[in-house]
Protein chains: 2
Amino acid sequence: MNEQNFRNLKIMMAYRGTAYHGFQIQNNGITVQEVVEKCVSKVLNEPVTIHGCSRTDAGVHAKQFCFSVKTHSRIANKGFVRGVNGELPKDISILSCEDADPDFHARFSCRGKEYLYLIHNSESKDPFTIDLACHYRRPFHLELVQEAAQHFVGTKDFKSFCASGCAETINTVRTVHSFSLETEGDKIRCYVRGDGFLYNMVRIMVGTLLDVNEGRISVSELDEILLAGNRRRAGRTAPACGLYLNQVFY
Amino acid sequence: MNEQNFRNLKIMMAYRGTAYHGFQIQNNGITVQEVVEKCVSKVLNEPVTIHGCSRTDAGVHAKQFCFSVKTHSRIANKGFVRGVNGELPKDISILSCEDADPDFHARFSCRGKEYLYLIHNSESKDPFTIDLACHYRRPFHLELVQEAAQHFVGTKDFKSFCASGCAETINTVRTVHSFSLETEGDKIRCYVRGDGFLYNMVRIMVGTLLDVNEGRISVSELDEILLAGNRRRAGRTAPACGLYLNQVFY
């Protein structure tokens, strides 16, 4: 990219992650990045690389995912949204496009994120949230889980809540700003906000809360599990299909 | 069916209609009835015929659909729900099962129904409601459409709102009890309650309201369209994917 006269675009999109091996390009399966990059390059009429705000795991969804891209194209932002949406498959949607400062980068400029974990809590499955929620059949003790979730709030070392094989082992300290739960009918929504998240961190936190719900882990053990810095001390990893990147903050 | 010692079961289910040619068994495609009948017969350990509360069109969904079935099986109702759910594909779910009076029939005992029509009203598509909502890009004039919808409330001849080829041409008088609209973010929910509905009636009413929204049909024309008794006078037929049988009343 010739660094002169380029525009730096900040783009918001949403995607249903079911059909993809996460966001970031990799060898062993189709990813959101390669599909979007191809469509964006076509509309901008030049080959581009897009920079995403986050990796996401296979099967994880995004209600708001930011990526940035540098281009020489003079296309209007509205025309970009329409043009790329016209090229994209049904499970990916461009929500907005705006011009950003030259040094804006979707990943490095990101100040925080909110994840949503959606649980369908009922004996019967829900035909309308296939691959879009975690189906959880057991009775859910909302107050207990809410109390437990507060142990994750604060600036802490989340090494116990990072998948083994985690690339970011150097610094596993993160700040979780809030962890709240809402129920509506047979749906439970867990909202987690923080400055950043380790690999699988939200899914391991939610899985651990389900273990608390089932009495396998007690609330009083949670601080100890955090201090242990050992993935094996935390609970299970909740399924990818319930997880959404819900908001990104700049 | 030996009419002695049988039980008459009243069963509620939900289904995502995308993969089916409607509820009722037909020759040209797979239907909900044949899939459910096969699973129910297997669990009851005898061949049965299920009686649905309604036909539904190809691609139409149901949040609450009632069917009745007569059986000699002594299976517990909870065991029935679990057993049939274990056999069914992901897009069909049994919600409940109870013993009903011997003369209960899901269709003939039905006193009323509520349909929901779901619209995704935004420039950008929604990856999470693929095949589950009608994507409508134009600005939506809620108050105008709400006013127009009230013209459908009452006991009226809905012949103009019945698809040509409609089997029920003998009596096209129906009572619509209420027609209300709710908005939440970029979603518009239209709820229509009535004692019964003609073939495609809800979809033609919604399509006509979209024509009113776009200024193709004026609110003052609606009563005249109803009086005309002519399908060609009403508006377009809204897509099947936005329609849900939402509640059935007994």
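Numbers restart at 1 for each chain; the letters A, B, ... are given by sequence-line order, proteins then strands.
- Both the backbone and the side chain of A:Phe128 come within contact range of chain B, with heavy atoms under 4.5 Å apart.
- With salt bridges taken as basic N to acidic carboxylate O contacts below 4.0 Å, one links B:Asp211 and B:Arg236.
- Residues B:Glu182 and B:Arg189 are not paired through a salt bridge, judged by the lack of any N-O separation under 4.0 Å between the basic side chain and the carboxylate.
- In this model, no donor atom of one side chain and acceptor atom of the other lie less than 3.5 Å apart for A:Thr56 and A:Tyr20.
- Side chains of A:Thr129 and A:Asp126: a donor-acceptor N/O pair is present below 3.5 angstrom, by distance only.
- Inspection of non-hydrogen atoms places B:Val81, B:Arg82, B:Asn85, B:Leu88, B:Pro89, B:Lys90, B:Asp91, B:Ile92, B:Ser93, B:Ile94, B:Leu95 of residues 81-100 of chain B under 4.5 Å from chain A.
- Heavy-atom distances place no part of A:Lys78 under 4.5 Å from chain B, backbone and side chain included.
- Residues satisfying the ring pair (Phe, Tyr, Trp, His ring centres under 6.0 Å) test with A:Phe249, not counting sequence neighbours, are none.
- When each of B:Ser124, B:Ala14, B:Ser122 is scored by its heavy-atom pairs under 4.5 Å with chain A, the top score falls to B:Ser124.
- Both the sub-6.0 Å distance and the 45° axial angle are not jointly satisfied by A:Lys113 relative to the ring of A:Phe197.
- Side-chain contact check for B:Asn200 and B:Asp57: at least one donor-acceptor pair (N or O, by modelled atom type) lies under 3.5 Å.
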